[in-house]
Amino acid sequence: MFFLTTAIDYTNGSPHIGHAYEKVLADVIARYRRLAGEEVYFLTGVDQHGQKVQQTAEKEGVSPADYVKTVTARFSALWEKIGVEYDGWAETTDPRHITCVQSILSDLHARDQIYKKTYKGFYSVRQEQFLTDRDRDEAGNFGPEWGEVTEIEEENYYFKLSDHTPWLREFLEKSDDTILPAFRKSELINALEKNTGADLCISRPKERLTWGIELPFDSDFVTYVWFDALINYISFVGYTPDPSLPDFESVWTGRPVHIIGKDIMVPAHGIYWLAMLRALGFSDEKMPQLLVHGWWNRSGEKMSKSLGNIVDPSELVDTFGVDALRYYLVRDIHTGKDSNFDVERLVMLFNTELANELGNLCNRALNMSVRFTESVISPGGPLTADDTALQQSLIDSTAAYRKAMDNHEVSMGLEALNRHVVHCNQYAERMKPWELNKNPENKERLATVLHHLAESVAHCAVLLSPVLPDAAAKLADQLKLPKLTDHKLDDLKWGLVHSGHEIEKPSPVFPRIEVKAAE
RNA sequence: CGCGGGAUGGAGAAGUCAGGUAUCUCGUCAGGCUCAUAACCUGAAGACCGUAGGUUCAAAUCCUACUCCCGCAACCA
């Protein structure tokens with residue numbers, strides 16, 4: 001089983017382009033793995049507890065539970081809108097999750113992995129948090145942004161993180177595929193080097209915070225939100241068995257892939273979570289891989305004048321469509337790195353690669369079949385060097401696509417796919433089917449050329465399907481091949497379009513996006 | 001000396017781990033085609049690969065020093 005998760009989004013505001021990116025990336029990877037013939041379980045959801053939720057709810061004059069419900073609905077509505085299809089949905093206020101967290105807390109407490117101690121430090125009342133030396137300004141004082149700062153003593157529960165850091169360090173040192181992409185590994189190991197054996201505070205006294213999961217062994221405290229949230233990765237796949245949840249052993253069969261942003265690798269996922277799993281008895285072979293993605297940055301507000309200041313993914317979909325957004329989000333960023341969000345590039349990539357190249361290829365190929373061969377596609381006569389070169393291009397592109405996608409490099413996968421599309425357009429230009437059509441003697445040759453184009457479009461539709469499932473279905477529809485998208489990668493052999501296959505006059509699958517050059 | 005990432009033709013990127021005539025997309029210029037979504041195809045101009053040294057037959061790629069950008073720095077969910 002290929003078990004894939006995303007970070008669960010914190011329900012403290014509306015979803016933005018970064019949230020959408022992570023989910024689309026995960027959705028694409030999940031769909032790709034299914035296409036590759038693997039069994040997939042894709043889990044995502046929302047993180048609903050914690051101080052910030054409690055504060056925001058208070059500010060808005062509603063209960064945290066109601067507030068969280070509203071925000072959660074915004075997230076799930078967006079996923080539906082942009083075609084993110086998950087198998088499991090995690091909400092941390094779910095009773096099944098709470099049961100699991102509490103059972104884990106009890107277990108760790110019973111095994112002395114959790115203990116109580118007093119912490120003395122400087123506390124900011126306004127920010128409701130303890131401060132550390134790095135919060136001091138250059139003069140060594142706490143700045144006015146913290147408001148009143150007092151030194152207080154507080155009892156809390158701690159998880160024995162220090163028991164596991166030596167193992168973690170060693171595990172990470174020898175593993176090349178736990179942190180993806182690899183360049184982030186050194187960052188995590190460095191962070192670990194600086195760990196001076198500190199343990200992790202996993203409780204909050206109820207005087208300060210009530211919106212959380214109560215500690216099963218001390219009702220004066222709730223669980224620290226990270227300790228609660230991280231557990232979603234196991235609670236919602238039945239770590240504590242529940243008839244409404246999957247069977248844990250059949251989901252967590254190897255190393256799951258957790259897709260997260262670079263901001264929550266250190267310390268939450270890279271340190272806390274791996275250590276927590278270790279404490280629960282997970283072996284090295286069951287440790288998750290962390291696929292760490294970068295950020296969409298926004299450079300300047302220049303484009304906002306001409307195209308409107310749009311960053312809400314839902315509005316982007318309304319303006320440009322799901323295909324354009326999904327394609328852009330995985331095409332214009334290399335997994336792991338940062339990129340600048342630019343609406344003009346979104347439009348450009350859709351128009352050039354989808355409308356002009358692939359969409360137009362489909363359109364011209366099918367139109368010619370309708371006009372020149374009575375809508376019937378047949379293999380025609382003997383193959384020339386041009387034909388075999390085209391078939392080889394398809395084989396090469398498919399191989400490059402698979403290699404890239406296996407490494408979660410969606411952008412490179414799409415680039416590989418594109419190479420074949422370009423090859424096809426060049427092929428059409430050289431073969432000139434419209435010329436062949438002028439002389440009846442060329443009928444067989446004409447059939448061969450058009451067959452090669454139709455066959456290529458069919459393959460491209462399948463390869464594109466993880467990224468743009470709807471568009472792939474439309475391409476299949478144009479080709480009159482309704483079962484096309486049922487194919488697995490290994491079934492992709494030359495001959496998807498059978499001899500004598502009939503099609504109809506096509507209409508554009510990717511209508512060009514026309515942008516009015518506003519003032 | 002806190003940590004990490006980055007600096008590549010006008011714009012955005014790949015390539016750097018495993019050195020070997022600089023790649024892709026957009027843009028610009030010129031031409032071709034007409035089946036197609038004013039789409040497609042061909043050709044051209046444009047980069048001393050941040051700076052300065054070094055290693056090597058050979059460096060965007062390895063080594064040293066430096067400059068400038070961005071993020072993070074562990075009770076911030």
Side-chain angles (χ1 to χ4, degrees), chain A residues 7-12 47-54 92 119 121 123-124 127-132 134-135 154 156 158 161 182-196 198 200-204 208 212 224-230 262-268 270-272 294-295 297 299 331-334 336-340 342 344-345 348-349 351-357 359-372 411-412 415 418-419 422 424-437 450 453 506-512 514:
Chain A
I8 51 176
D9 299 312
Y10 198 58
T11 50
N12 189 38
D47 176 12
Q48 301 168 309
H49 285 131
Q51 193 158 296
K52 284 202 168 166
V53 162
Q54 181 174 307
T92 53
Y119 178 83
Y123 185 76
S124 158
Q127 296 293 328
E128 298 193 41
Q129 70 178 72
F130 278 100
L131 305 179
T132 65
R134 68 177 187 286
D135 294 316
E154 190 174 276
N156 264 309
Y158 288 77
L161 186 64
F183 70 80
R184 295 222 181 268
K185 175 175 158 178
S186 53
E187 193 180 346
L188 179 54
I189 287 176
N190 280 327
L192 211 47
E193 292 299 325
K194 282 197 287 183
N195 184 308
T196 50
L200 173 66
C201 178
I202 54 108
S203 67
R204 295 292 181 275
R208 276 165 53 201
Y224 170 46
V225 70
W226 263 123
F227 200 90
D228 159 359
L230 289 165
K262 64 179 184 178
D263 57 327
I264 53 175
M265 177 182 77
V266 178
I271 299 178
Y272 300 163
W295 285 132
N297 300 315
S299 61
R331 177 70 179 95
D332 206 30
I333 194 168
H334 284 79
K337 299 201 171 181
D338 289 358
S339 193
N340 280 314
D342 184 338
E344 285 175 28
R345 286 186 61 79
M348 182 273 280
L349 283 165
N351 280 345
T352 58
E353 297 188 354
L354 292 176
N356 296 354
E357 289 174 6
N360 183 53
L361 172 68
C362 175
N363 201 237
R364 69 195 299 207
L366 297 185
N367 258 301
M368 286 191 279
S369 294
V370 169
R371 290 181 54 183
F372 303 159
S411 179
M412 294 177 97
E415 193 185 317
N418 247 47
R419 275 200 296 276
V422 169
C424 288
N425 276 318
Q426 293 168 335
Y427 171 86
E429 217 62 38
R430 270 200 319 278
M431 297 304 107
K432 301 192 196 315
W434 51 90
E435 288 288 334
L436 293 172
N437 184 52
L450 293 180
L453 293 178
S507 60
V509 172
F510 303 107
R512 281 180 65 85
E514 302 298 339

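Only heavy atoms go into these numbers, but all of them, side chains included; no hydrogens, no water, no symmetry mates.
- The CD atom of Glu357(A) lies 11.0 Å from the CG atom of Asn351(A); values are rounded to the nearest 0.5 Å.
- The phosphate of rC76(B) (OP1 or OP2) has a side-chain N or O of Arg204(A) nearer than 4.0 angstrom.
- For Asn367(A) and rC33(B), the CG to C1' distance is 17 Å, given to the nearest whole Å.
- Spacing between rG19(B) and rA58(B) at atom C1', rounded to whole Å, works out to 8 Å.
- Of all the heavy atoms in Thr92(A) and Ala229(A), the pair that sits closest is CG2-CA, 4.3 Å.
- The separation of rA22(B) from rU16(B), taken at their P atoms, amounts to 16 Å, rounded to a whole angstrom.
- What separates CD of Gln426(A) from P of rG43(B) is a distance of 9 Å, to the nearest Å.
- Atom CG in Asn12(A) sits roughly 14 Å away from atom P in rC76(B) (whole-Å rounding).
- Within 4.0 Å of Ile264(A), counting heavy atoms only, lies at least one base atom of the nucleic acid.
- Within the 4.0 angstrom heavy-atom criterion, no nucleotide atom of any strand lies near Glu353(A).
- Consecutive Watson-Crick or G-U pairing (both distances under 3.5 Å) extending over three or more pairs maps onto RNA chain B as B:2-7 with B:67-72, B:10-13 with B:23-26, B:28-32 with B:40-44, B:50-54 with B:62-66.
- Here the P atom of nucleotide rC40(B) and the CD atom of Glu435(A) are 20 Å apart, to the nearest Å.
- Between the C1' atoms of rU25(B) and rC48(B), the separation comes to 24 Å (whole Å).
- For the pair Tyr427(A) and rC35(B), the criterion of a side-chain N or O lying under 4.0 Å from OP1 or OP2 is not met.
- When each of Met348(A) and Leu361(A) is assigned the nucleotide of RNA chain B bearing its nearest heavy atom, the one mapping closer to the 5' terminus is Met348(A).
- Side chain of Asn363(A) to backbone of Gly359(A): no donor-acceptor contact under 3.5 angstrom is found.
- Scanning all heavy atoms of the two residues, the minimum distance from Pro433(A) to Ala428(A) falls at CD-O, 3.4 Å.
- Residues Glu154(A) and Asn156(A) share a closest heavy-atom pair of OE2-ND2, 2.9 Å.
- Side-chain proximity of Asn363(A) to the nucleotides rC35(B), rA36(B), rG71(B) is greatest for rA36(B).
- When every heavy atom of Gln48(A) is checked against every heavy atom of Thr11(A), the shortest pair comes out as CA-OG1, 3.4 Å.
- In terms of heavy-atom proximity, Leu453(A) sits nearest to Cys424(A) at CD2-O, 3.8 Å.
- In this structure, the CG atom of Leu436(A) is 17 Å from the P atom of rC33(B), given to the nearest Å.
- In this structure, the side chains of Leu436(A) and Phe372(A) stay at 4.5 Å or more apart for every pair of heavy atoms.
- Using a 4.0 Å heavy-atom distance criterion, Ala355(A) is classed as a base contact.
- Between rA59(B) and rU21(B), the distance separating the two C1' atoms is 13 Å to the nearest Å.
- Met265(A) meets the side-chain contact (heavy atoms from CB on, under 4.5 Å) test with Ile179(A), Arg184(A), Glu187(A), Leu188(A), Ile260(A), Val292(A); sequence neighbours excluded.
- For the pair Asn425(A) CG and rA36(B) C1', the computed distance is 9 Å after rounding to whole Å.
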Return a single string for nucleotides 1-14 of chain B, one symbol per nucleotide in 5' to 3' order, where B is base contact, S is sugar-phosphate-only contact and - is none, cutoff 4.0 angstrom on heavy atoms.
--SSS------SSS
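- A residue-by-residue look at Thr352(A) and Phe510(A) shows that Thr352(A) has its nearest nucleotide of RNA chain B further toward the 5' end.
- No engagement by Val53(A) is indicated, since no non-hydrogen atom pair under 4.0 Å with the nucleic acid exists.
- If you check every strand for non-hydrogen atoms under 4.0 Å, Met368(A) touches a base.
- Taking 3.5 Å as the limit, the base of rA39(B) and the side chain of Asn360(A) contain no donor-acceptor pair of atoms between them.
- Rounded to the nearest Å, the gap between the C1' atom of rA7(B) and that of rG15(B) is 15 Å.
- Phosphate proximity of rA39(B) to Arg512(A): present, with a side-chain N or O under 4.0 Å from OP1 or OP2.
- On the C1' atoms, rG9(B) is 15 Å away from rG50(B), given to the nearest whole Å.
- At distances below 3.5 Å, not a single donor-acceptor pair connects side-chain atoms of Asn360(A) with backbone N or O atoms of Ala355(A).
- Closest to the side chain of Tyr119(A), out of rU37(B), rC35(B), rC75(B), is rC75(B).
- Judged purely by atom type and a 3.5 angstrom limit, Tyr10(A) uses its side chain to pair as donor or acceptor with the backbone of His49(A).
- Between Trp295(A) atom CH2 and rC70(B) atom C1' there is a gap of 14 Å when expressed in whole angstrom units.
- Side-chain contact between Met348(A) and Glu353(A) is absent, with no heavy atoms from C-beta onward closer than 4.5 Å.
- Between the P atoms of rA60(B) and rU8(B), the separation comes to 15 Å (whole Å).
- Look at CG on Leu366(A): it is 12 Å from P on rA36(B), rounded to the nearest Å.
- Taking the C1' atoms as reference points, rG6(B) lies 24 Å from rG46(B), given to the whole Å.
- If you check every strand for non-hydrogen atoms under 4.0 Å, Asp47(A) touches a base.
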